[in-house]
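Below: the structure, in structure tokens.
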Amino acid sequence: MKSSQQIVRLRKTLLAHYDACGRSLPWRIRPEDRAAGVIADPYKVWLSEIMCQQTTVSAVTPYWHKFLQKWPCVENLACAPRDEVLAAWAGLGYYARARNLHKCAGMIMDEFGGVFPNTEAGLLKLPGVGPYTAAAISSICYGEATNIVDGNVERVISRLRMVQALLPKARTEIRILAGVIADPKRAGDYGQALMDLGSQVCKPKNPKCGMCPWEFACLAGKAGVAEDYPKKIKKQTRPVRYGAVFYLENGGEILLRRRPDKGLLGGMMELPGTEWGAEREAVDKMLAHAPSSHNWQQCAKEVSHVFTHFTLYLNVFVAQGGDVNTGIWASLDRLDTYALPSLMRKAIRSAQSL
DNA sequence: TACGCGTGGAC
DNA sequence: TGTCCAAGCGT
């Protein structure tokens with residue numbers, strides 16, 4: 001089969017598959033609504049794309065609804081206090097996304113008159129919006145003929161063409177291969193169809209090659225080695241770190257503090273605690289960092305938490321008392337309004353079960 | 001280019 | 001207390 005003919009067939013079969021069994025997502029305009037004239041709202045699409053970065057649809061969905069209920073348009077979000085946005089994001093992870101989300105909303109209001117840029121190049125200048133997100137928003141909302149490449153697309157294309165180079169070095173090659181096939185006429189549908197194919201059919205493990213619309217062309221599939229692609233550099237083992245936090249309760253309030261704006265969990269709240277180091281410290285050494293000299297009780301079991309690049313074990317110490325002025329006393333009845341990451345919520349639960 | 005950056009689910 | 005992974009971005 002000639003290459004140009006194959007590309008036509010790849011486009012046709014993928015879009016036919018999408019039209020027949022495209023999945024429904026909360027932020028996706030359904031075909032019947034589109035036929036009735038409904039247009040994708042860039043604010044809603046932007047919000048969904050930022051949340052979906054490295055995050056599963058099932059994790060994103062409740063947050064997406066919550067954000068839209070609290071802040072129905074970009075102006076509402078821009079006017080909200082940043083800490084309120086961080087608190088609403090708490091639990092979703094990768095908190096730089098929330099900081100950039102709020103910053104971006106402010107830019108849209110201050111520099112763009114409340115209207116999102118309508119080109120890939122314009123979107124790319126926004127904080128938190130990279131090559132994937134710019135391509136996705138511009139094609140989905142404005143029909144621009146972009147080349148959407150996310151992790152799903154990388155997997156599908158690397159299998160289709162049996163790309164031998166290892167990720168992440170193979171990115172440039174995969175991007176070029178994907179761009180040749182991308183359909184400029186239905187750019188948004190094509191991109192979403194390809195991502196759906198990756199997430200539902202061409203999965204990392206146990207790909208369903210038998211029901212893939214691209215089975216006729218897939219080199220790795222035909223060779224029976226789809227699961228071996230994409231080739232990747234093997235990851236190093238995750239280091240371990242240890243630390244301690246202090247849960248000080250007084251009159252229905254607990255002592256919190258805010259983390260520095262940059263770096264891990266930047267701008268989020270936390271229980272006061274020690275630095276996190278490579279070695280387990282003795283109890284008296286940990287207690288030297290306590291916010292007070294109360295009679296601390298140690299939880300029997302450490303709280304464990306897995307970050308992207310290390311695993312953390314936290315000792316949790318509990319005490320009662322209010323003679324501390326450095327920090328923020330947070331009401332236990334309204335902890336959900338604080339920007340507490342999952343790690344700290346785990347530690348709080350552990351302290352409360354003591 | 002390579003690394004830092006969360007979390008929870010599937011296996 | 002294992003491994004891998006998810007609609008990536010910023011530095």
Side-chain angles (χ1 to χ4, degrees), chain A residues 23 25-28 45-64 86 89-101 103-104 123-137 139-140 146 148-156 166-172 175 188 191-200 202-207 227 230 232-242 259-268 270 280 301-314 339-346:
Chain A
R23 71 171 161 162
L25 296 174
W27 43 86
R28 188 175 284 179
V45 173
W46 164 72
L47 184 62
S48 75
E49 294 298 345
I50 299 298
M51 287 182 167
C52 279
Q53 290 166 8
Q54 297 291 284
T55 308
T56 58
V57 167
S58 63
V60 164
T61 299
Y63 283 85
W64 186 79
L86 290 180
W89 195 278
L92 200 52
Y94 285 137
Y95 298 99
R97 293 184 296 170
R99 302 194 297 272
N100 283 328
L101 188 84
K103 182 178 178 186
C104 182
L123 289 160
L124 200 48
K125 295 176 182 159
L126 300 173
V129 177
Y132 160 75
T133 305
I137 297 173
S139 66
I140 292 169
T146 61
I148 298 179
V149 182
D150 73 333
N152 289 307
V153 176
E154 285 178 354
R155 185 170 56 257
V156 173
L166 308 185
L167 283 176
K169 279 187 77 173
R171 292 241 158 86
T172 302
R175 169 169 291 279
Q192 292 176 91
L194 192 47
M195 291 190 287
D196 282 5
L197 187 70
S199 67
Q200 302 191 288
C202 193
K203 299 185 295 182
K205 308 288 184 190
N206 304 313
E227 213 170 285
K232 296 184 181 182
I233 297 173
K234 72 169 176 9
K235 291 174 185 163
Q236 59 184 15
T237 58
R238 209 189 305 271
V240 179
R241 292 189 198 171
Y242 304 92
R259 293 179 61 84
D261 205 53
K262 300 205 168 187
L264 186 72
L265 307 174
M268 302 293 285
E270 67 176 0
R280 270 199 179 87
K301 199 164 179 186
E302 288 171 311
V303 168
S304 71
H305 192 78
V306 181
F307 290 97
T308 307
H309 52 298
F310 65 95
T311 299
L312 179 65
Y313 295 97
L314 278 184
L340 285 163
S342 293
L343 161 66
M344 290 299 156
R345 292 182 187 276
K346 273 191 214 173

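We use all heavy atoms of the structure for the numbers below, so side chains are in, but hydrogens, waters and symmetry mates are not. Residue numbers start from 1 in every chain, and the chains themselves are labelled A, B, ... in the order their sequence lines are given, proteins ahead of strands. It should be emphasised that the depicted structure is a prediction, and the values quoted were computed from it without experimental measurement.
- Counting non-hydrogen atoms under 4.0 angstrom, A:Trp89 reaches nothing in the nucleic acid.
- Contact annotation for A:Lys262: no contact, since no heavy-atom pair falls under 4.0 Å across all strands.
- Within 4.0 Å (heavy atoms only), A:Leu25 reaches at least one base atom of the nucleic acid.
- Close approach of DNA chain C to chain A, defined as any atom under 4.0 Å from a non-hydrogen atom of the protein, starts and stops at C:dT1 to C:dG10.
- A:Arg28 comes within contact range of at least one nucleobase, with a heavy-atom separation under 4.0 Å.
- Evaluation of the side chain to side chain contact (heavy atoms under 4.5 Å, CB included) rule for A:Pro62 yields no partner, not counting sequence neighbours.
- Taking A:Asn206 as the reference, nothing meets the side-chain hydrogen bond (donor to acceptor under 3.5 Å, both in side chains) condition, with sequence neighbours excluded.
- Nucleotides of DNA chain C nearest to A:Val240 and A:Trp27 differ in position, and the one nearer the 5' end is that of A:Val240.
- Residue A:Ser48 is out of contact with every strand shown, counting any heavy-atom pair closer than 4.0 Å.
- Contact check for A:Tyr95 versus A:Arg259: no side-chain heavy atoms found under the 4.5 Å cut-off.
- Under the side chain to side chain contact (heavy atoms under 4.5 Å, CB included) criterion, A:Ala134 pairs with A:Glu120, A:Leu123, A:Leu124, A:Val129, not counting sequence neighbours.
- Annotation: B:dC3 and C:dA7 have their P atoms spaced 22 Å apart (nearest Å).
- No donor-acceptor distance shorter than 3.5 angstrom exists from the side chain of A:Arg280 to the backbone of A:Tyr242, with no hydrogens or angles considered.
- For the P atom pair drawn from C:dC9 and B:dG8, the interatomic distance equals 23 Å after rounding to whole Å.
- Ring pair A:Trp64/A:Trp27 is perpendicular by interplanar angle, where above 60° counts as perpendicular and below 30° as parallel.
- Taking A:Gln53 as the reference, A:Ile50, A:Arg97, A:Thr133 meet the side chain to side chain contact (heavy atoms under 4.5 Å, CB included) condition, with sequence neighbours excluded.
- Residue order along DNA chain C, read from the 5' end via each residue's closest nucleotide, puts A:Val57 first among A:Val57 and A:Val129.
- Within 4.0 Å (heavy atoms only), A:Arg23 reaches at least one base atom of the nucleic acid.
- Side chain of A:Arg238 to backbone of A:Thr308: a donor-acceptor contact under 3.5 angstrom is found.
- Checked against a 6.0 Å centroid threshold, the rings of A:Phe307 and A:His305 count as neighbours.
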What one-letter contact string describes nucleotides 1-11 of chain B from 5' to 3', where B marks a base within less than 4.0 Å of any protein heavy atom, S marks contact via sugar-phosphate atoms alone, and - marks no contact? ---SBBBS---

